[in-house]
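Quick caveat, the model's predicted, so the values are computed rather than measured. Position 1 is the first residue of the sequence, and the numbers go up from there.
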Amino acid sequence: MQSICKNVLAVTLSLTASAAFSQAHNVSSGYQKPTDPKVLENLEQWQDMKFGLFMHWGTYSQWGIVESWSLCPEDEGWTQRKPEHGATYNAYVKNYEDLQKTFNPTDFNPEKWADAAKAAGMKYVVFTTKHHDGFAMFDTKESNYKITSPKSPFSSNPRADVTKEIFKSFREEGFKIGAYFSKPDWHTEYYWWPYFPPKDRNVNYDPEKYPERWEKYKQFTFNQINELTSNYGKVDILWLDGGWVRPFKTIDPTVEWQRTIKVEQDIDMDRIGGMARKNQPGIIVVDRTVPGNWENYVTPEQAIPEHPLDIPWESCITMGDSFSYVPNDRYKPTKKLVETLVQIISRGGNYLLNIAPGPNGDFDQAAYDRLKELSAWMDTNGAAVFATRAVAPYHEGDYYYTKSKDAKQLNVFHLSKGDEYVAPSTYVFTVPEGFSAKQVRVLGTKGKAKWSQKGNQVTLHKPQATLSYATVIQLDSK
């Protein structure tokens with residue numbers, strides 16, 4: 001399996017900002033297939049879903065800056081601190097943490113998000129319950145740096161525990177529920193000890209020299225994940241970020257950011273994962289970039305693998321330029337979103353599309369506009385997207401392929417370059433060896449399609465219809 005995983009390392013980047021590039025993750029090699037039947041069943045269902053919603057949201061939305069990373073000295077190059085937010089590093093940190101005192105997203109309405117996401121064809125949600133800055137968007141008992149603290153004005157709102165409200169609203173619409181959680185926590189003294197200044201993203205003391213402090217951090221992390229997997233209803237995915245918190249022996253020296261890890265940062269994932277599975281039987285655990293028992297699928301970020309993978313994988317890609325809320329963000333056109341979805345599913349992956357709520361607790365209207373346009377496309381073409389798998393030839397020229405799980409149906413997507421979709425007068429494409437079509441239809445059109453098959457080549461005449469973003473051709477086998 002290792003050679004298969006390494007294919008992910010050759011990627012076609014879908015990057016629109018240098019900040020996005022700086023956050024990009026490698027994908028670990030050496031995938032280990034889970035053995036728990038409930039996990040395998042959950043993974044199979046998740047792979048059928050294809051399309052999910054990712055949301056990065058926190059106090060940082062008030063400043064319209066990159067989530068968390070401006071606190072990290074090593075990343076100043078792409079997250080420059082604005083002078084008005086603090087003239088010194090310590091002043092900046094204090095002002096950043098004081099954002100808790102003004103965070104009041106009174107327009108928060110998770111049902112609105114769930115409705116729009118469901119209409120657009122999304123089937124699962126992953127929400128940032130806590131990012132690296134340590135601010136909890138859930139009612140943790142381990143810290144007062146949280147949205148439900150009396151320090152936060154939103155704490156008096158009956159929906160202050162936004163994680164609980166989001167999970168409940170999306171669960172009621174049939175979504176699988178994913179909890180994003182950052183293993184590193186730059187707020188707690190058990191990770192960034194105020195005795196030392198932080199130098200980079202890693203723990204700022206040597207855990208082997210100060211084992212009691214590290215043990216407290218391990219317990220702190222365990223307790224918060226226990227809360228999330230005990231108190232928030234059914235959770236299907238535990239999405240763990242911050243891959244530098246890992247056993248030293250798992251470091252890949254060929255990866256630049258992993259070479260910055262100089263000390264042991266083992267938080268005992270066997271204990272954490274075992275607890276999560278006890279609380280939530282069958283939960284998918286995604287310990288990003290750390291190969292082994294707890295990376296149940298791999299997660300290229302802002303990128304699409306160049307080649308199909310026969311392991312479970314998901315690309316997390318932003319709708320705008322940033323994972324976090326930025327005023328006047330540049331949202332990708334719907335045609336680009338459809339093309340990205342097609343490219344990902346043709347290579348066997350899932351598409352986790354990130355939309356960032358703003359400080360008022362809502363998406364920009366532009367995001368809703370894209371979701372509404374996706375909804376219309378999915379209503380017509382969803383049969384070629386969901387519960388499908390990759391199939392050779394995967395991608396040839398402007399054509400991309402998926403198949404039904406029983407291999408009796410072949411879906412062929414035609415994409416075109418440019419801002420507007422342009423269909424050819426005649427579609428000519430290859431079908432898999434031995435596939436003989438008995439019926440061909442173009443989704444979203446009426447009347448019989450005019451087509452012929454000669455060997456492995458199908459010729460189809462353009463239907464009398466205007467198609468948006470892509471043509472989707474469905475072929476039934478004899």
Side-chain angles (χ1 to χ4, degrees), residues 25-26 28-36 38-39 42 128-134 136 138 140-143 178-193 196 198 200-232 235-253 255 257-258 260-299:
H25 280 243
N26 70 301
S28 54
S29 59
Y31 178 77
Q32 294 183 23
K33 184 178 179 179
T35 57
D36 185 326
K38 291 183 178 179
V39 177
N42 194 5
T128 51
T129 65
K130 187 186 78 168
H131 206 261
H132 314 326
D133 61 11
F138 66 103
T140 179
K141 301 301 185 288
E142 297 297 307
S143 168
Y180 169 111
F181 181 88
S182 170
K183 293 183 295 181
D185 185 314
W186 295 337
H187 182 266
T188 179
E189 64 175 336
Y190 303 138
Y191 193 77
W192 275 4
W193 184 12
F196 296 114
D200 53 26
R201 69 188 67 186
N202 296 284
V203 61
N204 72 338
Y205 62 91
D206 185 346
E208 293 185 338
K209 188 175 180 181
Y210 302 98
E212 290 182 3
R213 184 167 293 271
W214 185 250
E215 283 300 318
K216 288 179 180 178
Y217 186 66
K218 288 167 61 176
Q219 191 62 45
F220 171 85
T221 305
F222 179 95
N223 289 349
Q224 285 197 323
I225 294 174
N226 188 34
E227 289 173 331
L228 285 169
T229 55
S230 297
N231 304 334
Y232 288 83
V235 178
D236 305 283
I237 303 164
L238 178 61
W239 211 93
L240 299 176
D241 202 7
W244 54 94
V245 176
R246 67 196 297 146
F248 200 77
K249 64 185 179 182
T250 67
I251 293 171
D252 184 346
V255 179
W257 66 261
Q258 292 190 33
T260 72
I261 308 170
K262 303 300 183 184
V263 294
E264 180 68 65
Q265 296 186 65
D266 188 348
I267 58 168
D268 196 350
M269 272 304 302
D270 284 343
R271 181 171 178 248
I272 288 173
M275 168 267 292
R277 289 264 161 84
K278 182 179 179 181
N279 294 341
Q280 301 282 344
I283 193 172
I284 297 167
V285 180
V286 185
D287 190 11
R288 300 186 73 201
T289 76
V290 185
N293 292 332
W294 304 109
E295 191 181 29
N296 298 157
Y297 66 74
V298 295
T299 55

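- Taking NE2 of H131 as the start and OG of S182 as the end, the distance is 6.5 Å to the nearest 0.5 Å.
- Ring-centre distance between Y210 and W193: below the 6.0 Å cut-off.
- Of all non-hydrogen atoms in A179 and T129, the two that sit nearest each other are CB-CG2, 4.1 Å.
- By the salt bridge (Lys or Arg N to Asp or Glu O under 4.0 Å) test, D185 is found to be paired with K130, residues two or more places apart in sequence or in another chain being considered.
- Distance check, rounded to the nearest 0.5 Å: OG1 of T250 to CG of D266 gives 8.0 Å.
- Between R201 and W192, the closest heavy-atom pair is O-NE1, 4.2 Å.
- In this structure the side chain of F181 never reaches within 4.5 angstrom of the side chain of D241, judged on heavy atoms.
- Aromatic ring centres of Y217 and Y191 lie closer together than 6.0 Å.
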(message) Apply side-chain contact (heavy atoms from CB on, under 4.5 Å) to residues V286 and W294 and explain how you reach the verdict.
(response) CA-CA 6 Å; V286 185; W294 304 109; over 6 Å; no
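- Between K183 and D287 a salt bridge is recorded (basic side-chain N to carboxylate O distance below 4.0 Å).
- Across all their heavy atoms, E264 and P247 have their closest contact at OE2-CA, 3.0 Å.
- Shown here are the salt bridge (Lys or Arg N to Asp or Glu O under 4.0 Å) partners of K141, two or more places apart in sequence or in another chain: D139.
- Put simply, the side chain of N202 reaches to within 4.5 Å of the side chain of T260, judged on heavy atoms.
- By the 4.5 Å heavy-atom criterion applied to side chains, E295 and V290 are not counted as neighbours.
- The side chain to side chain contact (heavy atoms under 4.5 Å, CB included) test with I283 is passed by exactly one of T229, V39, I237, D36: T229.
- Note that the CH2 atom of W186 and the CG atom of D133 stand 8.5 Å from one another [nearest 0.5 Å].
- A pairwise comparison of heavy atoms in P207 and Y205 identifies CD-O, 3.1 Å as the closest pair.
- Atom CG of residue D236 and atom CD1 of residue I284 lie 7.5 Å apart, to the nearest 0.5 angstrom.
- Note: W257 and W244 have perpendicular aromatic rings, judged against thresholds of 30 and 60 degrees for the angle between ring planes.
- Distance check: M275 CE to N223 CG gives 8.0 Å after rounding to the nearest 0.5 Å.
- Side-chain atoms of R246 and I267, non-hydrogen and from C-beta on, never get closer than 4.5 Å to each other.
- Scanning both residues, P291 and G30, for their nearest heavy atoms gives CB-O, 4.1 Å.
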(request) Kindly indicate, with the supporting measurements, whether the criterion side-chain contact (heavy atoms from CB on, under 4.5 Å) is fulfilled by V203 and W214. (result) CA-CA 9 Å; V203 61; W214 185 250; 4.0 Å; yes
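- Between F220 and Y190, the two ring planes are perpendicular [angle over 60°; tilted spans 30° to 60°].
- Listed by first then second residue, pairs satisfying salt bridge (charged side-chain N to carboxylate O under 4.0 Å, His left out) with a partner in residues 216-230 read E215-K218, not counting sequence neighbours.
- With hydrogens and angles ignored, the 3.5 Å screen pairs a side-chain donor or acceptor of N296 with a backbone N or O of V285.
- In terms of heavy atoms, Q258 sits closest to D252 at OE1-N, 2.7 Å.
- Annotation: the span from Q219 atom CD to Q224 atom CD amounts to 11.5 Å, rounded to 0.5 Å.
- Checking N231, N279, T221 one by one against N226, the side chain to side chain donor-acceptor pair (under 3.5 Å) holds for a single residue, N279.
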